[in-house]
Amino acid sequence: MLGIKKRPNIFLGLFHSFLYFPSVSNVFTPVCTTEFIAFAQANDQFEALNAKLLGLSIDSNPSHLAWVNQIRLLTGVQIPFPVIADRMAEVANLYGMIAPDVNKQETVRNVFFIDPNQIIRAILVYPLTNGRNISEILRLLTALQTTDKCGVVTPANWMPGNSVMVPPPGTYSQSLERLNETGTSELNCIDWFWCYKNEPC
């Protein structure tokens with residue numbers, strides 16, 4: 001569920017920016033391994049967007065240590081972000097990561113975007129069989145931050161640098177004002193409710 005979610009105490013004081021929170025089903029599985037390598041390789045991009053990565057699985061801490069070390073030995077990639085060992089599934093259940101119709105003992109692949117106000121802004125859920133697309137996760141993070149900073153919305157397939165959209169008017173008088181703005185240098189409107197803007201802010 002989007003919105004405010006009480007974080008377990010392990011989160012408190014850790015984050016001052018967007019938190020990107022990926023979970024994996026189990027360590028020492030091929031898809032999860034490729035995902036964590038991809039996250040590690042993109043860590044600088046997340047940090048440049050003032051976002052922190054935090055991983056989670058329901059395996060034990062020794063399993064995590066062995067897995068992270070094996071990744072380093074096999075690929076040379078260091079995992080630069082913490083990974084929660086959620087053995088009792090406290091966090092997994094709190095965030096709804098268990099899909100009992102799929103597997104009662106493994107989490108599905110979840111992505112949570114948690115903003116500085118501890119509000120879950122977006123959730124992506126992937127099946128156990130398919131890995132996540134890091135470029136799309138970075139794109140969505142940038143879109144959320146652009147919305148917060150500039151008060152705009154982003155259309156389908158939006159990429160950083162593309163035109164954004166302005167929210168539709170909320171009242172009749174605002175819709176008339178919007179019609180008067182159509183064709184100005186600020187807005188490019190298809191109709192009163194459907195307007196693009198070249199510069200986000």
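Basis for what follows: all heavy atoms, side chains included, without hydrogens, waters or symmetry-related copies.
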*Asks:* Give the cluster check for F193 versus V152: same hydrophobic cluster or not, with ILVMFWY residues linked at side-chain heavy-atom distances below 4.5 Å.
*Replies:* no
*Asks:* Using modelled atom types only, decide if a donor and an acceptor are shared between the side chain of Q45 and the backbone of A42 within a distance under 3.5 Å.
*Replies:*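 Not at all, since once roles are kept as given, no pair shorter than 3.5 Å links the two residues.
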*Asks:* Would you check if the side chain of N93 reaches a backbone N or O of A89 as a donor-acceptor pair within less than 3.5 Å?
*Replies:*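 Judged by distance alone, yes, a pair lies under 3.5 Å.
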*Asks:* Find out whether C201 and K149 are in side-chain contact, i.e. whether some heavy atom of one side chain is under 4.5 Å from a heavy atom of the other.
*Replies:* yes
*Asks:* Consider only side-chain heavy atoms of I, L, V, M, F, W and Y, link residues closer than 4.5 Å, and tell whether I79 and L138 are in one cluster.
*Replies:*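 In one cluster: yes.
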*Asks:* Applying the 4.5 Å side-chain criterion to the ILVMFWY set and letting contacts propagate, would M165 and I190 be lumped into a single cluster?
*Replies:*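 Yes, one cluster joins them.
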*Asks:* Using side-chain heavy atoms (C-beta onward) and a distance below 4.5 Å, is V83 in contact with F36?
*Replies:*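 Result yes, sub-4.5 Å side-chain heavy-atom pair found.
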*Asks:* Does atom CG (N157) have a neighbourhood of more than 12 heavy atoms from anything else shown, all under 6.0 Å?
*Replies:*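 No, not enclosed.
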*Asks:* How close do N61 and A85 get, counting heavy atoms only, and between which atoms?
*Replies:*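 Closest heavy-atom pair between N61 and A85: N-CB, 3.5 Å.
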*Asks:* With distance as the sole test, does N43 use its side chain to make a donor-acceptor pair with the main-chain N or O of P80 at under 3.5 Å?
*Replies:* no
*Asks:* Which hydrophobic side chains are connected to M88, either touching it within the sub-4.5 Å cutoff or through other members that do?
*Replies:*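 Members other than M88 - counting any ILVMFWY side chain reachable under 4.5 Å - there are none.
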*Asks:* Are R132 and L124 packed together at the side-chain level, in the sense that at least one heavy-atom pair is separated by less than 4.5 angstrom?
*Replies:* no
*Asks:* Aromatic rings F46 and F39: how do their planes relate, parallel, tilted or perpendicular, breaks at 30° and 60°?
*Replies:*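 The rings of F46 and F39 stand perpendicular, inter-plane angle above 60°.
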*Asks:* Decide yes or no for V111 and Y126: does some side-chain heavy atom of the first lie under 4.5 Å from some side-chain heavy atom of the second?
*Replies:* yes
*Asks:* Taking D115 for the side chain and N117 for the main chain, is one N or O donor matched with an acceptor at less than 3.5 Å?
*Replies:* yes
*Asks:* List the residues meeting side chain to side chain donor-acceptor pair (under 3.5 Å) with Q70, not counting sequence neighbours, and say none if there are none.
*Replies:*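 In terms of side chain to side chain donor-acceptor pair (under 3.5 Å), with neighbours along the sequence ignored, Q70 is linked to no residue.
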*Asks:* Quick one: salt bridge (charged side-chain N to carboxylate O under 4.0 Å, His left out) partners of R72, sequence neighbours excluded?
*Replies:*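 With sequence neighbours excluded, R72 shows a salt bridge (charged side-chain N to carboxylate O under 4.0 Å, His left out) to no residue whatsoever.
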*Asks:* On a heavy-atom basis, which atom in I71 and which in T75 lie closest, and how many Å separate them?
*Replies:* O-OG1, 2.6 Å
*Asks:* Would you say that S57 contacts H64 through its side chain, given a criterion of any heavy-atom pair below 4.5 Å between the two side chains?
*Replies:* yes
*Asks:* Give the minimum heavy-atom separation between P169 and W192, together with the two atoms involved.
*Replies:*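 Smallest interatomic distance, heavy atoms only, reads CD-O, 3.6 Å.
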*Asks:* Is any side-chain heavy atom of W67 closer than 4.5 Å to one of T33?
*Replies:*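 The answer is yes; the side chains approach within 4.5 Å.
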*Asks:* Compare all side-chain heavy atoms of R178 with those of V166 and state whether any distance is below 4.5 angstrom.
*Replies:*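 A side-chain contact exists here, since the closest heavy-atom pair is under 4.5 Å.
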*Asks:* If Ile, Leu, Val, Met, Phe, Trp and Tyr residues are connected whenever their side-chain heavy atoms lie under 4.5 Å apart, and connections chain through other members, are L128 and V31 in the same group?
*Replies:*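 Different clusters: L128 never reaches V31 through Ile, Leu, Val, Met, Phe, Trp or Tyr contacts under 4.5 Å.
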